[in-house]
Each structure stands twice: as structure tokens, then as C-alpha cells.
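One structure is given below, encoded as C-alpha cells.
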Amino acid sequence: MTFDLEYRDKNGKYILQKQITPMDFKNKYLTLDLNDYVSIANMPMYNKEYNKVYRLKYFENVYENSYIQFLNLPIEDLKTYAVEQLKDGIPVCVTLDIKSKSVYEKQGILDTRIYHYENTLNMQSFNKSEGLDFSEIHLSHCMTITGVNIIDNHTQRWKVEDSYGAGPDEKPNGYYTMNDNYFDKFVAYIIINKRYLTEEQRKLLEQEPIVYDIDLESEI
């Protein structure tokens with residue numbers, strides 16, 4: 001099987017390669033060893049503990065004998081490792097809730113303060129644990145964190161590229177600006193090189209995964 005590959009490079013130059021095979025594509029463009037990358041998550045649910053590995057039942061990746069599983073960690077660990085990987089020039093694959101009530105789609109803004117539901121409706125919003133437990137947080141497709149703004153050693157906002165691209169009246173150039181508070185509440189998974197983990201966390205990856213059904217999470 002062959003296919004034609006066409007794209008524009010970072011300088012805008014149009015490039016077309018005809019009749020390239022999947023193995024040709026892999027050998028030329030895939031410079032990362034994917035075995036070095038692992039999924040870590042922040043899933044503070046009633047049935048999931050930190051420092052445990054979980055595997056989603058019945059869900060396998062395209063690669064044979066490869067499952068959707070993750071090491072559950074505090075949210076600050078996810079931020080720390082995402083920053084370290086970005087500083088090394090490697091973007092970060094991320095799964096989050098992109099359909100929450102804190103999205104201003106037209107301008108591509110993700111911020112939990114953008115709408116004042118609590119003041120307007122005199123109601124208390126779910127925290128992250130409650131939102132996951134009661135399916136108020138719905139995980140969407142994978143996207144890519146491509147940048148982060150840091151002030152006084154604290155993360156302020158993140159640049160997120162949507163794999164769906166840009167619509168006619170939404171997400172300028174296909175990117176979201178994600179405030180740090182949105183990362184806290186709505187980011188679930190990231191994929192990072194395991195070299196950023198501590199030695200103890202790398203050992204935790206060796207434990208037998210706890211298999212769970214897709215009970216309260218609506219999407220992965």
C-alpha cells in the first residue's frame with residue numbers, strides 16, 4: 001500500500017511525496033522511540049487511587065497487545081512533566097474536556113472564570129472529583145499542548161492545538177489558549193517521556209494494572 005503525502009513546511013513551502021509506503025513514512029519522519037512514552041493521568045475519582053496503574057477494559061490501541069492504561073498522579077506532577085517536555089522542544093499529547101461550560105469557542109479561550117454560573121444561578125459547581133464521578137466532565141479527543149506561559153516559576157496559561165483544526169467562526173488558527181485553572185479541572189491525561197518521571201514513579205509503571213470498565217467516563 002502506498003499513499004501521497006502533501007504538506008507545507010514551517011516556511012510555507014509546499015511539499016509533495018508520491019507513492020510513499022507506511023514504513024517509508026515511519027523511517028523518515030518518526031524520530032521518537034514511542035516505547036519511551038507513557039500515559040499519566042489526574043483522575044481523582046472515588047474508585048481510583050494515586051500511584052496506581054489503571055487499564056481500560058475492552059479498549060486496545062491499534063498496535064497489537066497495546067492497551068489504554070495510565071499511572072494516576074496529582075495534577076501538579078502532570079504540569080511539571082509537561083513543562084519539562086515542552087522545554088525540550090517536544091509537544092505534549094493531552095486529553096481533556098473540551099465541551100465544558102467554561103469554553104469560549106469563538107476566541108478559543110478555556111478558562112473556568114469566563115462565565116459566572118455560580119453567581120448568576122446561585123449554585124455550587126462540581127469540583128474535579130465530583131465532575132468525574134458524576135460524568136459532568138466528559139473527556140474528548142486527543143489534542144496537543146505546544147506551549148506554556150510561565151511567570152515567577154508558575155504556569156499561567158497553555159497553548160493547545162486542536163487536532164480538529166479551526167472552524168469558520170471558532171478557535172483562531174485552530175488553537176486554544178488554556179488558563180492554568182482549566183488545566184487543573186479539566187485535563188485528564190497527558191503522554192510524556194518516562195525519563196521525566198521520578199525513579200520511584202518509573203518503578204510504579206511495572207505494577208500489574210487495575211482493570212476497570214468505562215463506568216463513569218463517557219469518552220477517552
Side-chain angles (χ1 to χ4, degrees), residues 1-10 15 17 19-43 48 50-98 139-148 158-165 174-176 178 183 187-212 214 217 219-220:
M1 183 187 75
T2 62
F3 61 94
D4 294 343
L5 175 65
E6 56 180 330
Y7 63 95
R8 293 188 182 275
D9 65 16
K10 62 182 179 181
I15 297 174
Q17 295 186 34
Q19 296 185 331
I20 185 173
T21 70
M23 289 303 297
D24 289 337
F25 180 86
K26 170 185 176 295
N27 293 333
K28 184 173 183 177
Y29 294 102
L30 185 58
T31 59
L32 301 175
D33 185 349
L34 298 184
N35 292 319
D36 291 337
Y37 288 80
V38 295
S39 294
I40 59 176
N42 177 245
M43 300 285 281
K48 293 180 178 62
Y50 286 151
N51 300 316
K52 299 287 187 181
V53 174
Y54 292 89
R55 175 184 294 172
L56 185 55
K57 191 176 183 180
Y58 304 126
F59 273 64
E60 296 186 36
N61 290 314
V62 174
Y63 186 72
E64 61 181 3
N65 298 320
S66 176
Y67 300 91
I68 295 178
Q69 63 183 46
F70 59 88
L71 175 62
N72 201 24
L73 295 173
I75 193 65
E76 290 304 323
D77 285 352
L78 272 66
K79 290 183 183 180
T80 296
Y81 302 143
V83 168
E84 291 178 3
Q85 185 160 296
L86 288 170
K87 285 182 176 180
D88 286 339
I90 305 172
V92 178
C93 181
V94 62
T95 299
L96 67 158
D97 185 349
I98 203 62
L139 305 183
S140 304
H141 55 283
C142 291
M143 294 184 285
T144 306
I145 299 176
T146 60
V148 60
W158 306 75
K159 185 177 182 180
V160 181
E161 183 178 10
D162 190 352
S163 54
Y164 285 4
Y175 285 87
Y176 289 103
M178 178 172 66
F183 193 117
V187 166
Y189 306 88
I190 64 171
I191 297 178
I192 54 99
N193 193 305
K194 57 188 175 185
R195 71 172 180 260
Y196 301 112
L197 300 175
T198 66
E199 182 178 353
E200 180 181 358
Q201 289 169 339
R202 287 194 292 272
K203 290 181 179 178
L204 291 175
L205 293 170
E206 301 171 4
Q207 64 186 280
E208 186 68 22
I210 300 170
V211 179
Y212 71 100
I214 192 166
E217 298 87 354
E219 296 181 66
I220 295 296

Taking C-beta and beyond as the side chain, do D88 and R195 meet within less than 4.5 Å on heavy atoms? yes
Return the CG to CG distance between N193 and L34, rounded to the nearest 0.5 Å. 10.5 Å
Can you name the side chain to side chain contact (heavy atoms under 4.5 Å, CB included) partners of T198, sequence neighbours left out? Y81, E200, Q201
Are more than 12 heavy atoms, taken from residues, nucleotides or ligands other than Y164, located less than 6.0 Å from that residue's OH atom? no
Assess whether salt bridge (charged side-chain N to carboxylate O under 4.0 Å, His left out) is satisfied between E76 and K79, documenting all intermediate values. CA-CA 5 Å; E76 290 304 323; K79 290 183 183 180; 3.8 Å; yes
Nearest non-hydrogen partners of E161 and M143, listed with the distance: O-CB, 3.3 Å
Answer yes or no: is there a donor N or O on one side and an acceptor on the other, between the side chain of T95 and the main chain of Y189, under 3.5 Å? no
Spacing of CD1 belonging to I210 relative to NZ belonging to K52, to within rounding of 0.5 Å: 5.5 Å
Under the criterion side chain to side chain contact (heavy atoms under 4.5 Å, CB included), I'd like the reasoning laid out for D162 against Y175: C-alpha separation, chi angles, the key distance, then a yes or no. CA-CA 6 Å; D162 190 352; Y175 285 87; over 6 Å; no
With side chain to side chain contact (heavy atoms under 4.5 Å, CB included) as the test, would you mind laying out the steps for L197 and I192 before giving the verdict? CA-CA 9 Å; L197 300 175; I192 54 99; 4.0 Å; yes
Rounded to the nearest 0.5 Å, what separates atom CG in D77 from atom OH in Y196? 15.0 Å
Mind checking salt bridge (charged side-chain N to carboxylate O under 4.0 Å, His left out) for E84 and listing every partner two or more places apart, or none if nothing turns up? none
What residues form a side chain to side chain contact (heavy atoms under 4.5 Å, CB included) with M1, not counting sequence neighbours? P22
List for me each residue that meets side chain to side chain contact (heavy atoms under 4.5 Å, CB included) alongside T2, sequence neighbours excluded, and say none if there are none. Q19, T21
If every non-hydrogen atom of C142 is compared with every non-hydrogen atom of S163, which pair is closest and at what distance? O-OG, 2.8 Å
Separation between CG (L71) and CZ (R202), nearest 0.5 Å, reads 12.0 Å
Does the pair L86 and W158 meet the rule for a side chain to side chain contact (heavy atoms under 4.5 Å, CB included), with working shown? CA-CA 11 Å; L86 288 170; W158 306 75; 4.0 Å; yes
Which residue pairs satisfy the salt bridge (charged side-chain N to carboxylate O under 4.0 Å, His left out) criterion with at least one member in residues 24-34, sequence neighbours excluded? none
Does the side chain to side chain contact (heavy atoms under 4.5 Å, CB included) test come out yes or no for L78 and F183, once each step is laid out? CA-CA 9 Å; L78 272 66; F183 193 117; 4.2 Å; yes
Has the side chain of Q85 got a donor or acceptor atom that lies under 3.5 Å from a matching backbone atom of A82? no
Could you tell me which residues satisfy side chain to side chain donor-acceptor pair (under 3.5 Å) with E6, sequence neighbours excluded, listed by chain and number? Y14
Rounded distance [0.5 Å steps], CE in M43 versus OH in Y212: 5.0 Å
Nearest atoms (heavy-atom pairs only) where P91 meets T144: CB-CG2, 3.4 Å
Between I98 and H141, the two heavy atoms sitting closest are CG2-CE1, 4.2 Å
Are any side-chain N or O atoms of N42 and backbone N or O atoms of L73, one a donor and one an acceptor, separated by less than 3.5 Å? yes
Under the side-chain contact (heavy atoms from CB on, under 4.5 Å) test against V187, which residue among I145, L96, D97, L139 passes? L96
